[in-house]
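Scroll down for the structure; my scribbles are underneath it.
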Amino acid sequence: MFDMDIGIDLGTANVLVYVKGRGIVINQPSVVAFEKKTKKLIAIGQKAKLMMGKEPENIEVIRPLRQGVISDYTVTERMLKAFIETAMQKKRMFGRPRICVCVPSGVTEVEKRAVVDAAYLTGAKHVDIMEEPIAAAIGSRIDISLPKGTMIVDIGGGTSDVAVISLGGIVESNSLKIAGDDYNEAIVKYIRRTYNLLIGEPTAERIKMTIGSVYPREEPVMMEVKGRDLVTGFPARIIVSSEETIEAFAEVTAQILDTIHNVLEISPPELVADIAEQGIILSGGGSLIYGLDKLVEESTGIRAYVGESALEAVVVGAGKSVNYSNK
Ligand SMILES: Nc1ncnc2c1ncn2[C@@H]1O[C@H](COP(=O)(O)OP(=O)(O)O)[C@@H](O)[C@H]1O
Ligand SMILES: [Mg+2]
């Protein structure tokens, strides 16, 4: 029997699980649905996310890791346990795994302890917590052991984390509780203000992913949006353009850019010189919004690019780090 090693990205929007030798076996939204009275689990992941905004009174659908902190401790534990158990079953192995978990940067020491305990409860032999920017860098194929500065900007659902890494450690960093989910909220507000139309968060997220932009496109794109007219109370539809989303997103985007500038300003000049040469690496789902790379580049004067598989970098990095420690 062999040991099975597992890397986990416990994100505010998505949980990913990487199993050594098998790759990513789980990639599901961090959403849980349960019955209110009995607290019985009804659905986890994608199935639960589809229930959002459509649930009857007796069912509660929650995202236990909103805004980069664990807002619901018990539900987070249950969700993590369920995902680890599924990942282990898929491998059909009974050895006790070594697990490496990445948690959002805003998570406190007490919450980290709870995550570690939950992972041990699934039968793990050893549990490590890894800092996300380090995992994101490893997952983006950066050799972090070198005495060379690398800047990683991870824009997740609830937090944007900017870090400068050198010699395997974080030199400077800053975390902002504003990220991908705030873009959704900005769209909801913009459409209500501009068109008197109320839309739900899933619709806002679809707009963001389809036409959402933070930088002008060569050709603007349009999308039809359905919601409820706030004046008549009836269903209504409008056409939204990508140019409008730039306006709707401006405030959120400005805060992310400010955080990047701030970390560049406080970083040692030698490392900033390295970053200028290597470029700024973007990761996380939020970095996939159209034009963010261009905008970061324009506002810093440093080349910026979305790293390889932005949504998977953290879990792959966590998985690989487990591999290293196993040699
Ligand atoms: N193609 C895309 N365009 C814009 N935003 C996206 C895209 N794909 C995912 N996102 C956004 O990325 C965020 C989730 O990113 P992720 O890195 O999984 O977050 P976390 O690490 O917090 O779980 C969500 O806000 C989601 O809407
Ligand atoms: Mg993340």
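This one's a predicted model, so the numbers in the text were calculated from it and none came from an experiment. Atoms within each ligand, like the ligands themselves, are counted from 1 in listed order.
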Query - Where Leu292 and Gly286 come nearest, the two heavy atoms and their spacing - result: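 Where Leu292 meets Gly286 most closely, the heavy atoms are CD2-O, 4.0 Å.
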Query raised in the report: How far apart are the closest heavy atoms of Gln278 and Tyr305, and which atoms are they?
Result: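 Taking Gln278 first and Tyr305 second, the nearest heavy atoms are O-CE2, 3.6 Å.
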Query raised in the report: Is there a side-chain contact between Ile165 and Pro133, using heavy atoms and a 4.5 Å cut-off?
Result: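 Yes, side chains in contact.
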Requested in this report: Give the cluster check for Ile256 versus Met209: same hydrophobic cluster or not, with ILVMFWY residues linked at side-chain heavy-atom distances below 4.5 Å.
Outcome: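 Ile256 does not cluster with Met209.
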Report task. Might you work through the side chain to side chain donor-acceptor pair (under 3.5 Å) test for Ser299 and His261, ending with a clear yes or no? Result -> CA-CA 9 Å; Ser299 77; His261 296 164; 3.1 Å; yes
**Report entry** Gly284: numbered ligand 1 atoms lying under 4.0 Å from its heavy atoms
**Finding:**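 Numbered from 1, ligand 1 contributes 17 (O).
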Requested in this report: Would you mind listing which atoms of ligand 1 come within a distance below 4.0 Å of any non-hydrogen atom of Asp181?
Outcome: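 Those atoms are 25 (O).
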Pick, from [options], the option with the minimum heavy-atom distance to [atom].
| atom | options | value |
| --- | --- | --- |
| atom 19 (O) of ligand 1 | Gly180, Gly157, Ala204 | Gly157 |
| atom 15 (O) of ligand 1 | Ala136, Ala179, Gly285 | Gly285 |
| atom 18 (O) of ligand 1 | Leu288, Asn14, Asp161 | Asn14 |

Requested in this report: Of the side chain and backbone of Leu311, name the one, both, or neither that has a heavy atom under 4.0 Å from an atom of ligand 1.
Outcome: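 The part of Leu311 near ligand 1 is the side chain, not the backbone.
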Query raised in the report: Where do Leu288 and Leu311 land on the side-chain contact (heavy atoms from CB on, under 4.5 Å) test, with the steps shown first?
Result: CA-CA 9 Å; Leu288 298 174; Leu311 281 159; 3.9 Å; yes
**Report entry** Donor-acceptor under 3.5 Å (Thr259 side chain, Gln255 main chain)
**Finding:**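 Side chain of Thr259 to backbone of Gln255, a donor-acceptor pair under 3.5 Å: yes, one is there.
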I need the nearest protein heavy-atom contact for [atom]: residue, atom name and distance, please.
| atom | result |
| --- | --- |
| atom 26 (C) of ligand 1 | Glu205 OE2, 3.3 Å |
| atom 4 (C) of ligand 1 | Ile289 CG1, 3.5 Å |
| atom 21 (O) of ligand 1 | Gly11 CA, 3.9 Å |
| atom 9 (C) of ligand 1 | Met209 CE, 3.4 Å |
| atom 22 (O) of ligand 1 | Thr12 OG1, 2.5 Å |
| atom 25 (O) of ligand 1 | Lys208 NZ, 3.2 Å |
| atom 14 (C) of ligand 1 | Ala13 CB, 3.4 Å |

Query raised in the report: Between Tyr290 and Arg217, is there a cation-pi geometry (under 6.0 Å to ring centre, at most 45° from the normal)?
Result: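 The answer is yes, since Arg217 meets both limits relative to Tyr290.
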Requested in this report: Give me the one residue out of Lys208, Lys54, Arg66 that meets salt bridge (charged side-chain N to carboxylate O under 4.0 Å, His left out) with Glu201.
Outcome: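 That would be Arg66.
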Query raised in the report: Is Gly286 near ligand 1, meaning one of its heavy atoms is under 4.0 Å from it?
Result: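 For ligand 1, residue contact (heavy atoms, under 4.0 Å) with Gly286 is present.
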